[in-house]
J.: 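Can you read through this structure? Questions will come right after.
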Amino acid sequence: MKKIAVWIGFLLLLGLFAGCAQQEEGTIDKGDQDADGKVEAAAGGEIEAIEPHQGLNQDPVPLKVDRVGENEVNVEMTAQITDIEIEKGYFYKAWTFNGQAPGPVVVVEEGDMINFTLKNMDPAIPHSMDFHAVHTAPSKNFADVEPDETGTFRFPATKPGVFMYHCGTKPILSHIANGMHGTIIVKPKDGYPNDDVIDREFIMLQNEWYKYNDLDDFSNGEPSQVAFSVKSFDEDGRNTNGDTFTLKDEPLIAKVGDRIRMYINNVGPNETSSFHVVGTIFDDVYMDGNPYNHFKGLQTVMLPASGGAVVEFTVTEAGSYPIVTHQFNHAQKGAVAILKVTETGEDDGNAVMSH
């Protein structure tokens with residue numbers, strides 16, 4: 001009898017985590033079944049998390065980056081479950097790095113050896129880290145970290161650029177689409193050609209949201225929201241989550257005549273971004289953020305899922321400059337931010353235009 005009870009318990013546990021991401025009837029959607037046996041959405045569109053995450057909203061744990069040598073840096077990140085407001089009044093119980101989705105930007109320098117630590121605060125699901133910026137054996141250094149455990153890994157960042165990072169645990173799509181994505185910037189050791197004339201820098205990320213924890217929708221559906229967020233080199237700077245409203249309500253600010261540099265990254269997980277700033281032309285573009293990949297005079301930069309770039313442009317007149325993906329079905333779903341340009345470089349309180 002004891003063996004039978006153990007096997008029953010094991011099978012129930014497998015049912016809970018099958019696919020890590022597929023909806024389960026009676027837990028994620030609590031509606032009635034229709035004539036075809038499909039579960040209808042709960043009243044008001046309310047979504048319930050998988051059982052181990054119900055009621056869990058872990059306070060964001062700060063990213064830790066400490067330089068311990070001329071070419072060596074310690075990076076510590078935390079996998080956790082945190083509610084993210086992606087539309088006004090609509091919260092997504094995201095699987096996150098450090099309570100942000102997209103996660104915090106990690107900044108290292110070309111040639112650094114990264115000593116990486118991942119703490120997994122998720123009580124139920126293993127997580128991992130896949131840095132696109134490094135050379136390493138994934139089977140060794142992108143390995144899973146089990147719930148409530150810590151893993152340590154070591155790898156070099158030898159190429160400069162703007163790279164995606166994401167959880168690499170199977171099914172990878174579920175982990176990325178639920179919020180476990182972000183950007184690592186490897187600064188070029190000799191800098192960029194225009195470093196001495198840049199007035200302002202911003203880090204911009206684009207990401208998509210789908211039905212909560214629904215692997216079928218992640219795989220076959222269309223995103224319900226597409227969003228921009230801004231991250232900062234300074235931990236005390238502005239860091240927003242991937243929502244559809246913040247960068248419209250509280251625009252980025254610049255001064256007439258500023259030469260602006262944006263580090264941009266499309267963390268997907270599925271869609272292409274056609275990054276465009278209305279009212280200007282990109283003077284210089286470095287694809288994937290590598291100074292070697294230099295283009296001039298581009299109107300739009302196409303970024304595949306995970307693709308990055310550095311773009312530079314000058315704002316010549318006061319006013320509102322919408323930042324969009326020129327795939328306007330995605331702009332319609334939220335992927336619009338506003339750059340507000342004033343004579344003083346301070347917010348004048350005037351209303352802004354949008355797209």
Side-chain angles (χ1 to χ4, degrees), residues 85-88 102 105 162 183 192-207 225-234 236-266 272-287 289 294-303 308-355:
E85 188 176 20
I86 61 176
E87 282 189 349
K88 290 185 177 180
V105 66
V162 179
T183 298
Y192 292 97
N194 299 315
D195 282 346
D196 59 342
V197 295
I198 297 299
D199 297 297
R200 296 176 195 257
E201 292 185 313
F202 301 102
I203 304 168
M204 297 284 298
L205 281 68
Q206 179 179 320
N207 77 291
Q225 294 88 12
V226 184
F228 282 132
S229 57
V230 64
K231 303 294 179 179
S232 175
F233 288 109
D234 183 352
D236 297 323
R238 193 173 182 194
N239 292 282
T240 71
N241 289 308
D243 67 55
T244 61
F245 56 90
T246 297
L247 296 181
K248 301 171 190 173
D249 295 347
E250 304 171 40
L252 306 176
I253 304 296
K255 182 180 179 180
V256 172
D258 275 353
R259 184 178 177 96
I260 294 169
R261 175 181 290 160
M262 287 187 173
Y263 302 78
I264 53 177
N265 193 196
N266 173 25
T272 297
S273 173
S274 297
F275 189 84
H276 175 74
V277 179
V278 180
T280 190
I281 300 168
F282 299 140
D283 300 312
D284 293 276
V285 175
Y286 306 96
M287 296 305 299
H294 188 190
F295 295 84
K296 296 183 75 69
L298 301 188
Q299 59 183 316
T300 300
V301 176
M302 180 169 284
L303 302 173
V310 169
V311 302
E312 298 174 0
F313 58 93
T314 303
V315 287
T316 59
E317 296 179 342
S320 300
Y321 293 69
I323 302 166
V324 302
T325 172
H326 223 280
Q327 293 169 243
F328 269 98
N329 59 330
H330 293 162
Q332 186 68 28
K333 293 180 178 181
V336 178
I338 303 297
L339 174 65
K340 188 178 192 180
V341 178
T342 66
E343 296 291 346
T344 63
E346 298 178 355
D347 193 346
D348 58 12
N350 291 335
V352 297
M353 70 166 287
S354 186
H355 262 49

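Please read all numbers here as calculations on a predicted model, not as lab measurements.
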J.: Mind checking the CD-OG1 spacing from Gln332 to Thr325? Nearest 0.5 Å is all I need.
T.: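 With rounding to 0.5 Å, CD (Gln332) is 13.0 Å from OG1 (Thr325).
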
J.: Please determine whether side-chain contact (heavy atoms from CB on, under 4.5 Å) holds for the pair Val256 and Thr342, giving the CA-CA distance in whole Å, both sets of side-chain angles, and the decisive distance to 0.1 Å.
T.: CA-CA 6 Å; Val256 172; Thr342 66; over 6 Å; no

J.: Going through the distances and angles, do Leu205 and Phe228 end up as a side-chain contact (heavy atoms from CB on, under 4.5 Å)?
T.: CA-CA 6 Å; Leu205 281 68; Phe228 282 132; over 6 Å; no

J.: Over 60° means perpendicular and under 30° means parallel, so classify the ring planes of Phe275 and Phe282, tilted if in between.
T.: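 Because their plane-to-plane angle is under 30°, the rings of Phe282 and Phe275 count as parallel.
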
J.: What's the spacing between Ile203 CD1 and Lys231 NZ if we round to 0.5 Å?
T.: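 Ile203 atom CD1 to Lys231 atom NZ measures 9.5 Å (nearest 0.5 Å).
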
J.: Keeping Thr244 on the side-chain end and Ile86 on the backbone end, is there a donor-acceptor pair under 3.5 Å?
T.: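 Yes; judged by distance alone, with no hydrogens or angles, the pair exists.
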
J.: How about Ile264 and Val311: do any of their side-chain heavy atoms sit closer than 4.5 Å?
T.: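 Yes, their side chains come closer than 4.5 Å.
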
J.: Heavy atoms, side chains only, cut-off 4.5 Å: are Leu247 and Met204 in contact?
T.: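 Yes, close enough: below the 4.5 Å cut-off.
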
J.: Enter the distance from Phe313:CZ to Ile260:CD1 here, rounded to the nearest 0.5 Å.
T.: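 The CD1 atom of Ile260 is 4.5 Å from CZ of Phe313, to the nearest 0.5 Å.
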
J.: Are there over 12 heavy-atom neighbours, none belonging to Ile281, within less than 6.0 Å of that residue's CD1?
T.: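 No, the 6.0 Å shell around CD1 holds no more than 12 heavy atoms from other groups.
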
J.: Less than 4.0 angstrom from a charged side-chain N to a carboxylate O is my criterion; do Arg259 and Asp283 meet it?
T.: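 Yes, charged N to carboxylate O under 4.0 Å.
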
J.: If you look at every heavy atom in Asp284 and His294, which pair is closest and at what distance?
T.: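 Reported closest heavy-atom pair: OD1-NE2, 2.6 Å.
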
J.: Apply the side chain to side chain donor-acceptor pair (under 3.5 Å) test between Asp243 and each candidate in Thr240, Thr246, Asn241; give the one that qualifies.
T.: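 Going through Thr240, Thr246, Asn241 one by one, the side chain to side chain donor-acceptor pair (under 3.5 Å) with Asp243 is satisfied by Thr246 alone.
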
J.: If you take all heavy atoms of Gly242 and Asn207, which pair is closest and at what distance?
T.: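 Result for this residue pair: CA-OD1, 3.5 Å.
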
J.: For residues His330 and Phe328, establish whether the separation of their ring centroids is below 6.0 Å.
T.: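 Distance test on ring centres: not under 6.0 Å, no.
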
J.: Please report the shortest heavy-atom distance between Ile198 and Glu312, naming the atom on each side.
T.: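 Nearest heavy atoms, Ile198 then Glu312: CD1-CD, 3.9 Å.
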
J.: So which atom in Phe245 and which in Glu87 form the shortest heavy-atom distance, rounded to 0.1 Å?
T.: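 Shortest heavy-atom separation between Phe245 and Glu87 comes out as CE2-C, 3.6 Å.
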
J.: Can you find a pair of side-chain heavy atoms, one from Lys340 and one from Asp347, that are under 4.5 Å apart?
T.: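 In contact.
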
J.: Hey, are the side chains of Asp258 and Thr314 touching, using non-hydrogen atoms and a 4.5 Å cut-off?
T.: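 Of all side-chain heavy-atom pairs linking Thr314 with Asp258, none is under 4.5 Å.
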
J.: Would you call Tyr321 and Val315 a side-chain contact if the rule is heavy atoms closer than 4.5 Å?
T.: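 They are in side-chain contact.
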
J.: Val162 vs Val310, test: side-chain contact (heavy atoms from CB on, under 4.5 Å). Steps then yes/no.
T.: CA-CA 8 Å; Val162 179; Val310 169; 3.9 Å; yes

J.: Find the distance between CE (Met287) and CG (Leu298) and round it off to the nearest 0.5 Å.
T.: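 Here the interatomic distance stands at 8.0 Å.
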
J.: Salt bridge (Lys or Arg N to Asp or Glu O under 4.0 Å), that's the test. Do Lys255 and Asp199 meet it? Break it down for me.
T.: CA-CA 9 Å; Lys255 182 180 179 180; Asp199 297 297; over 6 Å; no

J.: Looking at Arg238 and Glu250, does any basic side-chain N land under 4.0 Å from a carboxylate oxygen?
T.: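 Salt bridge: yes.
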
J.: Locate the shortest heavy-atom distance separating Gly237 from Asn239; write the atom from each residue and the value.
T.: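 Answer, listing the atom of Gly237 first, then Asn239: O-ND2, 3.3 Å.
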
J.: Count the heavy atoms of every other residue, nucleotide or ligand shown that sit under 6.0 Å from CD of Glu317, and state whether that count exceeds 12.
T.: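 No, because the 6.0 Å sphere around CD of Glu317 holds 12 heavy atoms or fewer from other groups.
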
J.: At what distance, to the nearest 0.5 angstrom, does OG1 of Thr280 lie from CG of Leu339?
T.: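 Result: 9.5 Å between the selected atoms.
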
J.: With sequence neighbours left out, write down each residue that passes side chain to side chain contact (heavy atoms under 4.5 Å, CB included) with Asp195, or none if nothing qualifies.
T.: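 Partners of Asp195 by the side chain to side chain contact (heavy atoms under 4.5 Å, CB included) criterion, ordered by chain and then number, come out as Tyr192, Arg261.
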
J.: Give the minimum heavy-atom separation between Glu343 and Ala318, together with the two atoms involved.
T.: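 It is OE2-CB, 4.1 Å.
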
J.: Looking at side-chain heavy atoms only, is the closest gap between Thr272 and Gln327 below 4.5 Å?
T.: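 Yes; the side chains approach each other to less than 4.5 Å.
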
J.: Between Phe202 and Phe233 (judged by ring centroids, cut-off 6.0 Å), do the two rings come close enough to count as a pair?
T.: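 Here the rings of Phe233 and Phe202 have centres that are no less than 6.0 Å from each other.
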
J.: Please check if any side-chain donor atom of Gln206 sits under 3.5 Å from a side-chain acceptor atom of Ser273, or the reverse.
T.: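 Their side chains do contain a donor-acceptor pair, which is all the 3.5 Å distance test asks for.
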
J.: For the pair Ile323 and Val278, evaluate side-chain contact (heavy atoms from CB on, under 4.5 Å) and give the outcome as yes or no after the intermediate values.
T.: CA-CA 6 Å; Ile323 302 166; Val278 180; over 6 Å; no

J.: When you look at CD of Glu85, are more than 12 heavy atoms from neighbouring residues, nucleotides or ligands closer to it than 6.0 Å?
T.: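 Enclosed: over 12 neighbouring heavy atoms sit under 6.0 Å from CD of Glu85.
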
